[in-house]
Structure formats: C-alpha cells, structure tokens
Amino acid sequence: VERQASAIHRLAVAIVGPDEAADVTQDVLVLAWQRLPQLRDPDRESAWLRRIVVNRCLDRGRAAGRRVRTIRIALDGDDTRLPSTPGPGTPGFDPALDAALRRLPVEQRAVIALHYAADLALPDVADALKVPVGTAKSRLNAALERLRRDLGARP
Amino acid sequence: MTPPDDDLDRRLRDHYRSLSTPAPNDAIDGARTRLGDRRPPRAPFVLAAAAIGAIALVAVVAVIGAPPPDDLAPTRPSAAPAATRAGSPTPAESAAVATRYEAGQVLRVTGDALGDPIEAYRGDYMFVVQVAADAGPAFYHLQGPPQNGLEDASRVAVPVDLLEANVEPAQVDCPAPPTSLSEIEVLEPFRRLVCFDAVALTLQNVWVEAPVTGHADLRREPDGRLARFPEPGAGTLPFSVAEGVTLPGPGWVTVAGQFGLADAACGDPQGVLTCRERFLVDAVQPGRSPFATLAGSWTRMADAPIPGRSSYVAIPTDRGTFIWGGDAGEDATTGAIYDDVVDRWTPVARAPGPDRIVVAAAWTGTDVLIWGGNDGLADGLAYDPALDRWTAIPDAPIDGGFGYGTWTGTEFVVVSSSAEAAAWDPRASAWRRLPDPPVPPGHMETAWTGGEFIVLGIGQGGNERVVGAAFDPSSSTWRPMAEVPYDGLILGDRALWTGDELLFVGHAYDPATDSWRILKREGCGFGAVSDGVWSGRWVIGQVQAYDPQAGRCLTLPEAPVRPGFDDAGFDLRTHEFHTPVWADGRLVVWSGGTGLDGPGSPPDGVVFTPAEP
C-alpha cells in the first residue's frame, strides 16, 4: 500500500486540494492497511484504493461545503514558509483554473480528477465512482461545461 | 467527448501535473501511528501531531427554532481553559513590522482585484487578524471575503505591500446577537469576530452526533464541527469544547460559549486564526428538537446468507423481497429472498450465466424477470420462486447494455442504455421490437404509472438536458414529455411514481397535463427528495421522509450504526448504493456500500417501520 501513497496523495490533492490531501492520504492508508486482507483480487488493488480515496474525499468535501479554508499565496517564490505546497509559482500551476476547480461541487471535482489527474479512461472512472459509464461520462461533461462557463465568465 | 479545439484538456493536465507531489511523510507516519506502529517517524514533522489524534465523530446541527428554555442555567466548567484575546500577535510572531493596519481592523478592497488566488474584488471586506514577519517577508493574516457561494470565507496571508496598496479601513454593521447556529452561519467569519468577539452567546437547538469531551486539539479538522441539520456538509461552523464540559450525544442541546478566544495551543498565526474562528462551548444544557419527525422504529435484519453487495436487484414478490445480482466483487449470481415479516432469508438457486449489474427487473406475479446488464448483455433470465428455478430468456432484438424495464401486466417492456426498446411476452416466449424511445442513449430513470412506462434519459456524453418519454403499451407508441427542468448538476436522480405524479429530484410531473411543477422542500436536505421509496404517503429514505402534498420533509429517527465498522470519521450508518424497497409497510435497506468501500460489504441491513401507515 505504501508504494501507492503518492498516487493516493496525488488523487486526493486533485479532488480536495493540498490542504486536505494529507489528512485524506493518512485516512486512506489506515483503511487500506486495515482492509487489505479483504482484497481478494490483488490486480484490483489500484482500483480499490481509488474508490477509497474518492469516497474519503467526497466525505470530506461534503462536510467541508462551507468550511473556511486557507489560501496561501507566494509571490515570485519568495514565501519560504510553505516550500512544499503546490500553488502559484509552481510550473504549470493555473490559478484561474485552480479557482474554478475549487468552485465545483466535490462530486464534479472527483470525476475530473479521476480522468485528468489519475489519467483514467471513462470505464475506470465509472468503476471508481461506482456508476455506469454513461453516468460518469455525463458527469464529466457537465463538470467540464461548468468549468468552461466559469472560466469564460471571470476575468 | 471534449471538443478537440478546446484547450481545457491541456490546461487540466498541465495543472494537475503541477500539483503532483509525493505523499507527505507525516501522512504515512501518522497512519502508522494510528495503526499502533510505534516506529519513529521517518522525517521530522510537527503538524502531523495534530492529525494523529482520535477523530471525534461530531456533527452538530442547529436551526432557528424553539425559544430558549427558561431554566437554562449553564454550569460553568470548574477549570476554564487559559484563553487570551488573540487580536494582538505574540512577540514571537511579530517582529516589529511597520504596517499601516493592525489586528482587529476591518478593511475594504479598493482595487479591482487583489490577486487571483485571493479572489477579493472591489468592495469586499477583510478582517486583520495578525501581522507576522517571522524570518521572511511580512504578511497580513486575514479573514478574506467569501470565495464563492459555498464557502464562508477564506483565510489568507497577504504580503504587506500588496494589501496596503489595495484596501482602505472600513466599518461593518452588526446584527443582534445570534441565538442559533443558523444565524451565525449567515455571517462572514470576520463579522462574527468584529461583532461578537468574546461576547457570551447562547445557541438553541444544537444536535450533537456523538459525545464530545474536553478542550481537544484545537487545530484538528474536522474534529468538533457544527453542521446544520439535516444537511451535513451544507453548513459548518468550527467549534471547540472547554475543559470540564461534555457535549452529550446523540441528542439536542443548548450551548453557551463565545468566539474570539485562543490560547497557546493554537500555534502560529494561521492556527490562532483557526482558534478564533471557533465557537468555544463552555456550558451545555439539554435541548429539544425543532424538527418534525416521522415516528417509527428501526430494527436490524438478520444477516443474509449471500455476500453483501451494491447496485443489486431488489423487488417485492409474494414471498418477500427478492435480492439478486449487482456488484459483489464475486458471487454476484447469488441471491436470496427476505421475508420482513419474520426476518428470515431464503437463498435462491445460483443463476446461470454471467454477473449482471444495472438490469431491467420486474415481478410478474409469478416470476422475476431480468434483462440486460453490463458488458452489453442482450439476454435475460426468469426466476420462479415457487420452484426455485431459473430459465433463460433469449437475446432481445435490440442492442444489449444496461437495462431498464417494467411489467405491464402482459409484457416485460425493456429499454436498453442504447435507447432501444423491446417487449418480452412470457406466455408466448417471444420478443417483439418496439419503437425506439425518443430519449438519448445512456443512463435512464424509469417508472410505471399503471398505464404508461415513463423513461427519463439522463444521457451520456453530452451536456444535454434530461429528456423524457412515456410508452403506452396499448398503442405501442412513445409520447415525448414536456422538458424536464433538471440541469443534471444535483446528484440523486431517482424517479418515483406516487400514484398521480412522477417525482424526480425536486420536481413533479403530471402526465394528465404533461407538465412539471417545482416541489416545495421545507425542512429538506440537499439531496433529491425523490431519493427513497414511495410508501403511499411519503418518500422515505434513510434520513428523511418527504411529503409531496405538504411539500416538507420529516426527519427519521437515527438508524442503527452498522456493527463492525467503528473506524472514526465515517458515517457508520451508510448503506450507499443499496436498492431501497418498500415491502409490507416497511422500508428495507440491505447491504450496499459501507462508506469505506471495497469488496467485503457486509450482508447486513435495517428495516424502518413508520408508526403510522
């Protein structure tokens, strides 16, 4: 399981953001270690872990619907207090897109994260969400459309 | 799916790559610690200590409700926490920074926008909590403006120069002291502090999910949060409990306490801010529920003799609730019949053929008919409970796939996820092809009205609206329905027939007038009011019952916690992806997910019996 810790963390970051991801990762590792013996098909380990990550993220995301959160900013990389937190200044970081993603409901962030961050094909996305492929597909497109609208509507 | 000329694909992939970081060692070490692994951490960490502590299972709820009880006389704790007003930075946190503004001031944004990540625009308010320099550049620590419609506010650290160039001092209007969490929730956190910093407040109608004791780790989230019932996740408020005080739970209480207190345990400026935003409960009295409840009782079902699972078939028959198929990891061709009257299971013979998930299923009065399923299955099965015997139904003359269907009295009408339709006549053992339903292929929600088979196409692959059509078996024709007023963004897309209306999410469809109406949802949670089973009077789910005539929701008593799942931090009552059934005046909830997921979902269940039929 520990080999998968980075993949778990990466997916959690994509769904709930870096502030929450460490806690999610820790929770998932605890569950995974506890429940690994129940996994009868080792080939399913990755998919199984993804489901746990998604569920845990959805739990936290729903609970955090209106919770205050910390936004950390760093200008020109001069904030040495937060060296390991991805954010502005990290190559490839897209502030407008990041803000738009944060405005999505956590369920939609999850489907986008599974497809783009975990790089899963739609059947695997559907598997992680435990929904039919068609449903995963329509959720993904609804989320993308909302992102497009949001990105187009804001400066 | 995504237009090729759209660069959103590329932006998303690039952005997510930028977020890729290894799993923090403290998360791994923290997990080990929680599992009892006493090996030393592999790397120094400080914050992880806050994440390791036991997770309090707390969800607290409040609404504007009944007046305060006259006899409220909170008992003060014998040892109140050492608390200080945190408006001024400690010497260690503030190294003689010359700034224009100081802690406790309210500022208003004067620039067009104060940096994209902050999303503060002209006219937004901010509250200065601290100014801190440490060894690096000086920062204002602020409570920022609401970030969107979902979050109360953001906590922001902004460089001194950037902030001072874009704000001016401001005053805020303060409302009367709140008496409920609902009143507090609508206030921005900075307004809570500006107006009610260290002001003694009494809050009515607070629901405590589980007991909370002690002045626990102030920085641990989501420990000690208050959430407005019945919408866990729709409104939260950080809180802490003073030493010597216990919030009993589950139950309703009245609490007394205040905002604006922080102590040394809060740590750095962000921690101090977190502390100050918390409502510190320092007294508690019994309270009462402000909600209308649906009287009734929960009982546990005997464990089923088949593996637990999700997304299974569950339909009432003359012998009990027939449960079969679904996602069980393996052994999904097993099934059993549950007799809720005597709480007894009867296994059924193992079905021939492959596992099937998302099938059309119907009870004819003598047989259970099943058609379709994942992997493009186009054939079906018939099960006779009197003989405990399965027989095969040949391929339908349509493409296979997920199945949706109904029994019309003479035929088994099925629609596939390819948006094609056919009807199986068990007497003639023959299929006939039906006209294609005028709905998009993909996921469907369906209901039988007694005269029409209503199919709502949720669709696939596009952003199309939900499209509905109704099939009349007497004429074998489809009737397009009025446009479904649902944008697909609310989860919980179940359709239920009540006898004269089709409930779908938050709307009702009247076939007589081919029109939709918006449902009143007084006291209802965020989810679809159609998420449950129709009892003849209410839509009953695991948490609430919806009365479509009155347009309001009633709260169900708390369902039993599932045994064997005592991991902290999860909803221990969750039977996600179960298939609810209304049988003999009872709601039957069996297996489904655990909230933890993975194979091994237990074969347990609960039954809710309303006190009134």
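Keep in mind that what you see is a predicted model, and the values were worked out from it rather than measured. In what follows, chains carry the letters A, B, and so on, assigned in the order in which the sequence lines appear, proteins first and then strands, with residues in each chain numbered from 1.
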Open item on the list: Name the residue from A:Leu11, A:Leu97, A:Leu101 that meets the side-chain contact (heavy atoms from CB on, under 4.5 Å) definition with B:Tyr16.
Closed with: A:Leu101

Task: Distance, nearest 0.5 Å, that separates CZ of B:Arg13 from CG of A:Asp94 - done: 14.5 Å

TODO: First locate atom CG of B:Asp9, then atom NE2 of A:His115, and finally report the distance between them rounded to the nearest 0.5 Å.
DONE: 6.5 Å

TODO: Please state whether the side chain, the backbone, both or neither of A:Ala113 comes within less than 4.5 Å of a heavy atom of chain B.
DONE: both

Task: A:Ile112 versus chain B, the contacting section by heavy-atom distance below 4.5 Å - done: both

